[in-house]
Amino acid sequence: MILGVDEKNTYVLNLDKLDSELVKAKISQIKKVVGYDVKSTLKIFIELGADLPEVLHDVMTGAFLLNPLRRIQSLDELSSADLGYSGSSLDEIDDEGLIARAAEVTGAVRELYERQEKELSKLEKLNKVAQKIEWPLVSVLAKMEYIGIKLDKSHLERINDQIEDKVSDLEQEIYGYADAEVNIGSPQQLAEVLYVKLGLPTQGIKKGKTGYSTAASELAKLNGLHPIIDLISQWREVTKLKNTYVDTLPEMTDENSRVHTTYNLTVAQTGRLSSADPNLQNIPVRTELGREIRTAFVAGQGKKFVSADYSQQELRLAAYLSEDKELIDMFNRDVDVHVATASQIYSREPQDITKNMRRDAKVVNFGVMYGLGPHGLAQATGMTHEQAKHFIEKYFEVRPKLKEYIEKIREKAKRDGYIETLLGRRRPTPDVHSSNFMVREGAMRAAVNMPFQGSAADIMKLAMVKVAEKLERKDCDILLQIHDSLIVECSEDVAEDIAQIMKITMENVIKLPIKLTVDTTIGKNWGEL
DNA sequence: GTGTAATGCGCG
DNA sequence: AAAGCGCGCATTACAC
């Protein structure tokens, strides 16, 4: 445990062991903190029951803000790359070594801090992102991670029993058709069975480095040609959920049956959070069995979950950023934008728009933000390539401002070498100059996506800071962030109240000419949300 | 045994 | 000819 103190700030290192009373006393006096991976340190402070200090700066996150392309963000890497340090490892030394070299380590942090502050002060908006969003968010995330979310293990056990029966049934049937006990989990062996042994057509099937693909999208093309296809798809769905969630989550709980994720601030190039160990941002929801897994996440005794979701946040931001008055107006009048879009593309009255027409319009509405082309649209909707091409053309006729905006982003990426979000977070775009078509176009699509996904991420992060402030002393904890959604746990009697606070806070976190609608739900488990 | 690439798929 | 963004993780296959 090392503290480096000067007249202005206290520099704290990443630690995992604490035993000295002296140290605990010292911690309680810390009011402001600078460090490397401060979030990890704050979790130890919480464990000790200390009040959290204000986060002034984090050199790991700072390095990422200034250059998100740099992969290695260890204190070692930063010290040698940015400060020219060449000594032995700073971040993998044991307790004794740490004490011996405390000055060295705090010195590196201090110097990185000073350099990064200088760099940030030259970039006004990025600096504001750091000061107003990232630094306050560090404490919010530390608390979320520390509190965790409760898992009903017996519920998962019951699900597991059902799954195991189903898996063995499916396997027996599949072995029957394959006339061998193939490893269904091996794409190689499976391809051999499907495309050689059973002689299924390989026309139109994607080919990878090792042979013909057996991915779900390719199997879909074979559906109806052989009963084994559907069985394999079912086997995949069930074993995926079993291996990834049902088997592993119960092993990651603490003594109170709670699981604690880690939110990473320095991974996603757009500024989103990522969640790992376990990843709680990809808990299933799209299938019946998947939703069953969600119900295993439960609120504690006398508590409820409240969820608050931004409704179509990225599409609203697209409307605002491209200054498409029509689209902005649609959102502000609460009309169904997918129906409205279909109505414009097909030149039909909204009441004459079928489910399928709406579905196709929805795919394009979201797809354009990712650079979806005719190929992808055809894939997603079942249109022919020609129809898809025409559909996209019609779309941009109806949304000329969006087309213009996308073109502007592509040009900016080439000209300036970076794209920024609404609040000024930057993503470098070096690959838009690549001589490789695939690499170049991929970089262009990522660039186009940045303002939408990244601005949404900024707004949600800011909202988390504000919501955390409002919920202080309210017997209510933020547990999860799933990109456009927050889940809190609070006592039953205040749930309605909390829902309202979250809605108002999140909708008004930033003043824009477009309404950012937030929907809330209350439930005893995640499946009810 | 450990590391890595490839494949596949869960979520927003 | 290619041609959907952002993640994390399980498994297989294979090199070391």
Side-chain angles (χ1 to χ4, degrees), chain A residues 68 182-191 206-219 232-233 235-249 252 261-287 289-291 293-294 309-315 318 363-381 385 388-389 392 406 409 419 427 436-454 456-457 460 480-486 526:
Chain A
V182 287
N183 183 348
I184 310 164
S186 162
Q188 251 175 65
Q189 292 184 40
L190 199 59
K206 239 193 299 185
K207 225 175 162 173
K209 300 199 168 156
T210 46
Y212 287 106
S213 165
T214 67
S217 60
E218 307 309 301
L219 292 189
I232 291 167
S233 303
W235 183 90
R236 285 244 178 97
E237 180 199 335
V238 174
T239 54
K240 168 89 181 180
L241 298 185
K242 174 171 161 61
N243 292 332
T244 311
Y245 307 101
V246 179
D247 286 347
T248 58
L249 284 172
M252 307 182 84
T261 186
T262 301
Y263 288 104
N264 210 323
L265 280 160
T266 60
V267 171
Q269 294 291 305
T270 53
R272 272 187 174 185
L273 298 177
S274 82
S275 158
D277 302 304
N279 180 357
L280 295 184
Q281 289 180 323
N282 75 341
I283 300 301
V285 68
R286 290 173 190 172
T287 63
L289 177 59
R291 285 188 289 276
I293 292 170
R294 277 201 174 201
D309 302 32
Y310 280 110
S311 163
Q312 312 196 70
Q313 195 186 17
E314 290 185 22
L315 200 48
V363 170
V364 179
N365 268 330
F366 284 110
V368 286
M369 294 189 294
Y370 307 146
L372 181 73
H375 180 87
L377 181 60
Q379 201 83 61
T381 61
H385 194 275
K389 187 161 174 281
I392 290 173
I406 288 171
I409 293 295
I419 295 297
R427 174 175 186 164
N436 180 313
F437 177 91
M438 284 245 278
V439 172
R440 190 172 65 244
E441 286 304 313
M444 280 294 186
R445 291 192 296 271
V448 166
N449 182 247
M450 173 67 178
F452 309 130
Q453 187 179 123
M460 175 52 108
L480 301 179
Q481 187 251 46
I482 306 110
H483 308 304
D484 61 355
S485 169
L486 284 183
W526 195 352

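All chains are named by letter (A, B, ...) in the order of the sequence lines, taking the proteins before the strands, and each is independently numbered beginning at 1. All values derive from a computational prediction rather than experimental measurement.
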Just call it for [X]: base, sugar-phosphate, or nothing, with non-hydrogen atoms closer than 4.0 Å on any strand.
X       : answer
R445(A) : sugar-phosphate
R286(A) : base
R294(A) : sugar-phosphate
K209(A) : sugar-phosphate

Counterpart base for dA6(B), defined by Watson-Crick or G-U wobble contacts under 3.5 Å:
dT11(C)
Are side-chain N/O atoms of [X] and [Y] paired as donor and acceptor at under 3.5 Å?
X       : Y       : result
N264(A) : T262(A) : no
N279(A) : Y245(A) : no
E237(A) : T287(A) : yes

Check this one for me: any side-chain N or O of N282(A) less than 4.0 Å away from OP1 or OP2 of dC7(C)?
no
So N243(A) and T248(A), do their side chains get closer than 4.5 Å, heavy atoms only?
no
Are L289(A) and K242(A) close enough that some pair of their side-chain heavy atoms sits under 4.5 Å apart?
no
Range on DNA chain B touched by chain A, heavy atoms, distance below 4.0 Å:
dA6(B) to dG12(B)
Provide the distance between the two P atoms, one in dT7(B) and one in dA3(C), to the nearest whole Å.
14 Å
Go through the N and O atoms of the side chain of Q281(A) and the base of dC7(C), and report whether any donor-acceptor pair is under 3.5 Å.
no
Separation between CD (E314(A)) and CD (Q453(A)), nearest 0.5 Å, reads 5.5 Å
